[in-house]
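The analysis underlying the following values was restricted to heavy atoms, covering all of them including side chains, and did not include hydrogens, waters or symmetry mates. Bear in mind that the values here come from a model prediction, so they are computed numbers and not experimental data. In listed order, ligands and their atoms are each counted from 1.
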Amino acid sequence: MAVEVAGERVLLTRREGRIYAVVNRCPHMGLKMTKGKLREGVIECPWHGSRFDMCTGANLDWVHRLPFMPLPAWSHKLIAMGKKPAPLTTLPVQERDGQVLVGAAI
Ligand code: FES
């Protein structure tokens with residue numbers, strides 16, 4: 001689920017009963033990942049295919065395709081544009097009285 005928290009775009013997911021939040025900005029180019037595929041706690045960026053663990057933010061696979069088109073391995077560094085693999089920014093989350101609280105102030 002994509003939401004906005006204090007002006008920041010955030011993605012929320014529930015995994016094994018717990019809610020996790022990450023900033024909705026891919027560390028590759030800062031683009032929104034709202035339309036990324038989410039499968040078993042892993043989100044794939046819709047732009048260049050980087051994959052991230054939604055619970056920890058860890059990068060699992062770095063840039064390797066264009067939208068709707070895989071690319072040969074030799075081109076991956078070109079598409080990365082000099083950016084090194086980086087994690088998503090995670091945010092603290094609490095569930096309290098049926099509400100989800102997100103951000104550094106909790
Ligand atoms: S913007 Fe996400 S992988 Fe490029």
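The number of heavy-atom neighbours closer than 6.0 Å to CD of Gln99, taken from other residues, nucleotides and ligands shown, is 12 or below. A 6.0 Å sphere centred on CH2 of Trp62 holds more than 12 heavy atoms belonging to other residues, nucleotides or ligands.
Residues forming a side-chain contact (heavy atoms from CB on, under 4.5 Å) with Arg65 (at least two apart in sequence, or on another chain): Glu44.
No side-chain heavy atom of Val23 sits under 4.5 Å from any side-chain heavy atom of Arg9.
For the residue pair Thr34 / Asn24, a side-chain donor-acceptor distance below 3.5 Å is found, with atom types taken as modelled.
Shown are the protein N/O/S atoms under 2.8 Å from atom 2 (Fe) of ligand 1, given by residue and atom: Cys26 SG, Cys45 SG.
Contact between Met54 and Tyr20 at its shortest, heavy atoms only, is O-CB, 3.6 Å.
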